[in-house]
Amino acid sequence: MSTVIPQGDALKKAIAWVSEKRGAQPDLNVKKIVDEACLQFDLSPKDSEFLLRFVKELPDTPI
C-alpha cells in the first residue's frame with residue numbers, strides 16, 4: 001500500500017497535530033480529534049474527509 005502525501009500545507013500541519021494528540025492521549029476519540037483539527041486548520045470538506053480516512057487507516061486506531 002502506498003501512502004499519498006497531501007499537497008496543502010494546512011493538511012500537513014493537521015496530520016502532524018493529530019498524530020501528536022494521538023501520541024499523547026491514544027484513548028481519545030479519533031473522530032473528535034479530526035473534527036478539532038479541521039476547525040483549527042480551516043480544512044476544506046475534501047481535506048477533512050482525507051484526514052479522517054488517513055487517520056483511520058493508521059495501525060492501532062480505535063474508531
*asked:* Suppose the criterion is salt bridge (charged side-chain N to carboxylate O under 4.0 Å, His left out): which pairs have a residue in residues 31-52, not counting sequence neighbours?
replied: Lys31-Asp35
*At what distance, to the nearest 0.5 angstrom, does CG of Leu11 lie from CZ of Phe41?*
10.0 Å
*Approximate separation, where rounding is to 0.5 Å, of Ser19 OG and Phe54 CZ*: 6.5 Å
*With rounding to the nearest 0.5 Å, note down the distance linking CG in Leu51 to CD1 in Ile33.*
10.0 Å
_Using the side-chain contact (heavy atoms from CB on, under 4.5 Å) definition, which of the options Lys12, Arg22, Gln40 pairs with Trp17?_
Gln40
*asked:* List the residues meeting side chain to side chain contact (heavy atoms under 4.5 Å, CB included) with Glu20, not counting sequence neighbours, and say none if there are none.
replied: none
*Gln25 side chain near Asp27 side chain, heavy-atom distance below 4.5 Å*: yes
*Should Leu39 and Leu43 be counted in the same cluster of Ile, Leu, Val, Met, Phe, Trp and Tyr side chains packed under 4.5 Å apart?*
no
*What are the two closest heavy atoms between Val34 and Ser48, and how far apart are they?*
CG1-O, 4.3 Å
